Amino acid sequence: MQFDKSNDGHNLTLRLDKKLSAVTAEVLEKDLLNQLDGVKNLTIDMSKLEYISSAGLRVLLRAQKIMNTQGKMTLKNAAPEILNIFETTGFDQIMTII
């Protein structure tokens with residue numbers, strides 16, 4: 001998985017690409033967790049995301065738990081198929097999705 005990121009210290013934006021599978025979720029988790037210190041606003045742009053596995057959902061949940069203590073996390077631009085997964089799993093109730 002490739003992802004672009006921009007970080008100004010307090011605002012971190014990740015742009016996910018294609019698939020967030022078990023393999024790519026591990027890479028994302030390591031990189032993301034190393035960058036959350038001091039971040040007040042985490043935005044994850046899913047406009048190019050086509051697939052998310054349960055491992056990918058776990059990474060998002062872990063990031064949400066961290067951001068609940070230090071700021072806000074927002075998921076944006078998710079495709080209808082991805083939104084359906086969030087609704088089915090109840091993630092739409094615990095995450096800000098725009």
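Residue numbers count from 1 along this sequence. For clarity, every value in this text was computed on a predicted model and none was experimentally measured.
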Check your understanding: Within the distance-only criterion (no hydrogens, no angle test), does the side chain of T24 pair as donor or acceptor with the backbone N or O of K19 below 3.5 angstrom?
Key ->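 Yes; at least one donor-acceptor contact below 3.5 Å.
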
Exercise for review: Determine yes or no for a side-chain-to-main-chain donor-acceptor pair under 3.5 angstrom, with S53 supplying the side chain and L20 the backbone.
Suggested key: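 Yes, S53 side chain to L20 backbone: donor-acceptor pair under 3.5 Å.
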
Check your understanding: Is it the case that one hydrophobic cluster holds both L16 and Y51, taking links as side-chain heavy atoms less than 4.5 Å apart, direct or via other members?
Key -> no

Donor-acceptor pairs under 3.5 angstrom involving side-chain atoms of residues 76-84: please list them, not counting sequence neighbours.
unit_1, atom_1, unit_2, atom_2, d
N77, ND2, D45, OD1, 3.2

Practice item. Give, for atom NZ of K72 and atom CG of N11, the distance between the pair rounded to the nearest 0.5 Å. Key: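 So the NZ of K72 and the CG of N11 are separated by 11.5 Å.
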
Of all residues at least two apart in sequence or in a different chain, which pass the side-chain contact (heavy atoms from CB on, under 4.5 Å) check with [X]?
X   : value
I85 : I52, L57, T89
K48 : D17
D37 : none
S6  : T13, R15

Review point. Under a 4.5 Å cut-off applied to non-hydrogen side-chain atoms, are L75 and F86 in contact?
Key: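 Yes, close enough: below the 4.5 Å cut-off.
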
Exercise for review: Report yes if some heavy atom in the side chain of L32 is under 4.5 Å from a heavy atom in the side chain of L42; otherwise report no.
Suggested key: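 Contact flag for L32/L42 side chains = yes.
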
**Study point:** Check against side-chain contact (heavy atoms from CB on, under 4.5 Å), L49 and I44
**Key:** CA-CA 10 Å; L49 190 68; I44 300 178; over 6 Å; no

Practice item. With sequence neighbours excluded, tell me which residues meet salt bridge (Lys or Arg N to Asp or Glu O under 4.0 Å) with K5. Key: D31

Less than 3.5 Å apart, which donor and acceptor atoms pair up between the side chains of residues 58-67 and the rest of the protein, not counting sequence neighbours?
unit_1, atom_1, unit_2, atom_2, d
R58, NH1, E29, OE1, 3.3
R58, NH1, E29, OE2, 3.2
R62, NH1, E29, OE2, 2.8
Q64, NE2, N68, OD1, 2.7

Review point. Is atom CD of E26 surrounded by more than 12 heavy atoms (other residues, nucleotides or ligands) closer than 6.0 Å?
Key: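 Count not over threshold, so no.
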
Practice item. Would you please test Q70 and L36 for side-chain contact (heavy atoms from CB on, under 4.5 Å) and show each step? Key: CA-CA 9 Å; Q70 66 188 46; L36 288 181; 4.1 Å; yes

